Amino acid sequence: MLDLQTLRADVQAVALRLAERGFQFDTAQFAALEGERKTMQTETQELQAKRNALSKQIGQLKAKKEDASALMAEVNAQADQLKTLESKLDDVQRRLNDFLMVIPNLPHASVPAGKSADDNVEVRRVGEPRKFDFAVKDHVDVGAGLGLDFDTAGKISGARFMVLKSGVARLHRAIAQFMLDVHTQEHGYTEVYAPYMVTGECANGVSSLAKFKDDLFKIEGRDLYLIPTAEYPVTNFVRDQILALNELPLKFVCHTPCFRSEAGSYGKDTRGMIRQHQFDKVELVQIIHPDQSQAGHEELTAHAETILKKLGLPYRTVTLCTGDMGFSSAKTYDIEVWLPGQNAYREISSCSNFEGFQARRMQARFRNDKNKTETVHTLNGSGLAVGRTLVAILENYQRADGGVDIPEALQPYMGGLKTLAPVR
RNA sequence: GGAGAGAUGGCCGAGUGGUCGAAGGCGCUCCCCUGCUAAGGGAGUAUAGGCUCAAAAAGCCUAUCGAGGGUUCGAAUCCCUCUCUCUCCGCCA
């Protein structure tokens, strides 16, 4: 949610910045709602104050065993009016809130303007794509011989699911373990385990349920959603909290499966495990002081990149342009790994600074050095998507004989195994 | 699944219809006293929002005692629904 003070101070400026990301902010409607809210609230509170004062007097009279019927009549006379005002105020506040809750975040000043992914700006490219002296296969073909099984998955769950067996199953597990160890031991994150389902309220804390509920799997008959990323439960750890200054920053790393309905992505990435209804991800989350969120964002992105470096996977990092950013983000770096099978860089991590946007929705604050409550900033990023890392390893480390070399960093997690041999 | 108990401020804990945003204690902040330390005395110490104001400061007001609804002139207190926690029994990875 945008900061109401900022919004009131200069609606036009806000509208302009939102336009950059392709969002039409209805300034007239905002002015109307705000105006209505203001009148309703003032009137309602005046009446409430009057009622409270009279009630107090009634109490005093009754304590002295005196007659209070005149005052009671006076309160009763305005009771209907008060009730009407209260419900009108309630209504306008809800409408104002609904209006505000679907407005995306303001892009940070450093975000390049643009309409689509084509306008994203590459900030760095690391590693050289390998030259193959044999016909390169994509991960589906490489994996087929190693235990990657879409047929069985299709039978039991349908499209966009996978079954892993034997070597690839173990490799999949090794990747997640490796990432968790690097982030906890080298980057100072606290490992957390969190629920795979969250309430609608929590979903609204990090994103907009009204806007994106179709992307989520909902538990029938309950106010629970399967998480599309560990960001959902973990960021909400600090919901409704006032943290002490010295508690910041909080740094969490969490490995979970992620569930996405992928509504609206029909026909996109239908082959292979690039886009699945269920995939594992190791997520980095930081709750941070506003003054440090920019630096923290750079740092978190570097933490994610470290994994790719250690795995020897070529990648590039891009800054998403205003038109390609997610709803809640003020600034996002996507890290894209090189996939020989697609002859392209594909997203493997998305690292965002949400500034106070999520924190205001969650009411996550801290006590600043002036002892005042202030909104925290939140950051998160994939560190990394486990399934896509598996894809990248299968494709980048494939051998002419159909096997796959195991990156050195992962060998300790594979019992010292150096190569996955085809199982036939 | 069955039976019972409970949810109050940073923490503990009182409060079962009236001046209660809430006693008391602990903690914390500031001040005083005490040649250090210990002890003692005083004051302050929730959050969100609104109004006044150019703004700040300040003041006033509203809401909030797990959440939502209801009764009432008035609700932490009474009623209903829900959520969560604890205890016992049963079941169980």
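Note that the structure is predicted; figures quoted are calculated from it, not measured. In what follows, chains are A, B, ... by sequence order, proteins preceding strands, each numbered from 1. All heavy atoms count here, side chains included; hydrogens, waters and symmetry mates do not.
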May I have the step-by-step check of ring pair (Phe, Tyr, Trp, His ring centres under 6.0 Å) for A:His289 and A:Phe366, ending in yes or no?
CA-CA 8 Å; A:His289 191 289; A:Phe366 71 103; 4.9 Å; yes

For the pair made of [atom1] in [X] and [atom2] in [N], what is the distance, rounded to whole Å?
X	N	atom1	atom2	result
A:Gln241	B:A48	CD	C1'	17 Å
A:Lys56	B:U19	NZ	C1'	5 Å
A:Asp3	B:A48	CG	C1'	14 Å
A:Arg360	B:U47	CZ	P	19 Å
A:Gln41	B:A63	CD	C1'	9 Å
A:Asp240	B:U83	CG	C1'	14 Å
A:Gln93	B:G50	CD	P	9 Å
A:Gln5	B:A56	CD	C1'	15 Å

Once you apply a heavy-atom cut-off of 4.0 Å, does [X] come out as touching a base, just sugar-phosphate, or nothing?
X	answer
A:Ile58	base
A:Gln60	base
A:Arg367	sugar-phosphate
A:Ile242	sugar-phosphate

Determine: side-chain N/O of [X] to OP1/OP2 of [N], distance under 4.0 Å, yes or no.
X	N	value
A:Arg51	B:A63	yes
A:Lys38	B:G50	no
A:Asn52	B:C61	no
A:Thr44	B:U62	no
A:Arg222	B:U83	no

Rounding to an integer number of angstrom, what distance separates [N] and [M] when you compare their [atom1] atoms?
N	M	atom1	value
B:C82	B:G24	P	38 Å
B:U64	B:G9	C1'	12 Å
B:C28	B:C11	C1'	11 Å
B:C12	B:G66	P	14 Å
B:G21	B:U45	P	15 Å
B:U71	B:A75	C1'	10 Å
B:A56	B:G68	P	30 Å
B:C61	B:G17	P	27 Å

Pick the closest RNA chain B nucleotide for A:Thr373 and for A:Lys62 by heavy atoms, then say which residue is nearer the 5' end.
A:Lys62

Determine the interplanar angle of the A:Phe237 and A:Phe252 rings, folded into 0 to 90°, and report it as parallel if under 30°, tilted if 30 to 60°, perpendicular if over 60°.
perpendicular

Show, in sequence, the C-alpha distance, side-chain angles and deciding distance for A:Asp334 and A:Arg346, and conclude whether the salt bridge (charged side-chain N to carboxylate O under 4.0 Å, His left out) test is met.
CA-CA 9 Å; A:Asp334 267 11; A:Arg346 289 299 307 260; over 6 Å; no

Cut-off 3.5 Å, no hydrogens considered: what does the side-chain donor-acceptor table look like for residues 97-111 of chain A, sequence neighbours left out?
| unit_1 | atom_1 | unit_2 | atom_2 | d |
| --- | --- | --- | --- | --- |
| A:Asn105 | ND2 | A:Ser328 | O | 2.9 |
| A:Asn105 | ND2 | A:Phe354 | O | 3.2 |
| A:His108 | ND1 | A:Ser110 | N | 3.1 |
| A:His108 | ND1 | A:Ser110 | OG | 2.8 |
| A:His108 | NE2 | A:Gln294 | NE2 | 3.3 |
| A:Ser110 | OG | A:Lys331 | NZ | 2.9 |

